[in-house]
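Below is one structure, written out as structure tokens; the observations come after it.
Since we're looking at a predicted model, the values are computed, not measured.
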Amino acid sequence: MVLILLGSVVRNISEIPSSNCGRDGLSHITIAGAVADRLKEVEVWLQTFAPGTRTPIHRHSCEEVFVVLKGAGTLLLGSSSSKYPGQPQEFKIHANSTFTVPINDPHQVWNTGELEDLQMLVIISRPPVKIFIYEDWSMPHVAAKLKYPYYWDQECLNSPKDEL
């Protein structure tokens with residue numbers, strides 16, 4: 001027996017609302033999440049970045065797994081083990097690649113392509129997450145600006161989580 005709490009068990013992704021969360025060039029869809037599905041430990045997103053679009057440099061209190069569905073780009077990954085993120089490592093990402101970002105490691109994802117969207121499936125742990133945004137890679141960790149809740153987590157505050 002399947003208990004349906006807030007809608008159908010099977011959904012068409014194209015019918016799930018998307019938002020740019022006030023960021024030009026971004027499309028964000030929460031495929032499965034804390035609000036619609038009452039998930040407590042994981043959320044699944046579909047994010048699409050237009051050419052040239054990037055996330056801010058940021059870190060957060062969750063693990064992330066990315067699966068690149070189409071397009072190409074760059075993952076910039078800094079260090080959480082010193083006072084500053086430092087010069088980030090640069091990794092090329094492309095369709096059919098996957099990568100992980102550990103808890104609190106500063107990072108940035110960038111569609112460095114000129115013609116094609118970068119589309120990724122993103123799985124995060126422990127929603128909603130506290131996100132700390134950096135102005136640049138030399139900004140001290142303690143100076144990063146807290147953005148909580150993040151745009152797509154606004155409705156998740158009904159069930160607060162322990163945070164690091």
Ignoring hydrogens and geometry, is there a side-chain-to-backbone donor-acceptor pair from [X] to [Y] under 3.5 Å?
X: N111; Y: E116; answer: yes
X: T30; Y: A32; answer: no
X: S125; Y: E63; answer: yes
X: R54; Y: F49; answer: no

Please say yes or no: joined through hydrophobic side-chain contacts below 4.5 Å, possibly via intermediate residues, are [X] and [Y] part of one cluster?
X: L26; Y: L115; value: no
X: F132; Y: V142; value: no
X: I123; Y: I16; value: yes

With the side chain counted from C-beta on, respond yes when [X] and [Y] share a heavy-atom pair under 4.5 Å apart, and no when they do not.
X: N20; Y: H28; answer: no
X: H58; Y: H107; answer: yes
X: F66; Y: I93; answer: no
X: I133; Y: I131; answer: yes
X: P127; Y: V42; answer: no
X: L69; Y: L46; answer: yes
X: L77; Y: F91; answer: yes
X: T74; Y: K92; answer: yes

Does either side chain, that of Q119 or that of T48, offer a donor lying less than 3.5 Å from an acceptor on the other one?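 There is such a pair between these side chains.
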S80 and N104: side-chain donor and acceptor closer than 3.5 Å? no
What pair of heavy atoms forms the shortest contact from [X] to [Y], and how long is it?
X: K70; Y: A95; result: CA-CB, 3.9 Å
X: Q47; Y: V122; result: OE1-CG2, 3.9 Å
X: I31; Y: R11; result: O-NH2, 2.7 Å
X: H141; Y: P106; result: CE1-CG, 3.5 Å

Measure the [atom1]-[atom2] distance between [X] and [Y] for me, rounded to the nearest 0.5 Å.
X: S14; Y: I29; atom1: OG; atom2: CD1; result: 8.5 Å
X: S79; Y: Q87; atom1: OG; atom2: CD; result: 12.5 Å
X: R59; Y: K130; atom1: CZ; atom2: NZ; result: 11.0 Å

Determine whether V68 and L118 satisfy the following criterion, side chain to side chain contact (heavy atoms under 4.5 Å, CB included), listing intermediate values before the conclusion. CA-CA 8 Å; V68 181; L118 172 62; 3.7 Å; yes
Atom CG of residue position N96 - does it have more than 12 heavy atoms of other residues, nucleotides or ligands inside 6.0 Å? no
Remaining members of the apolar cluster that contains M139, side-chain heavy atoms under 4.5 Å: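 M139 shares its hydrophobic cluster with I57, L76, W110, Y134, W137.
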One pair to check against side chain to side chain contact (heavy atoms under 4.5 Å, CB included): W45 and I124. What are the steps and the verdict? CA-CA 8 Å; W45 304 334; I124 66 157; 3.4 Å; yes
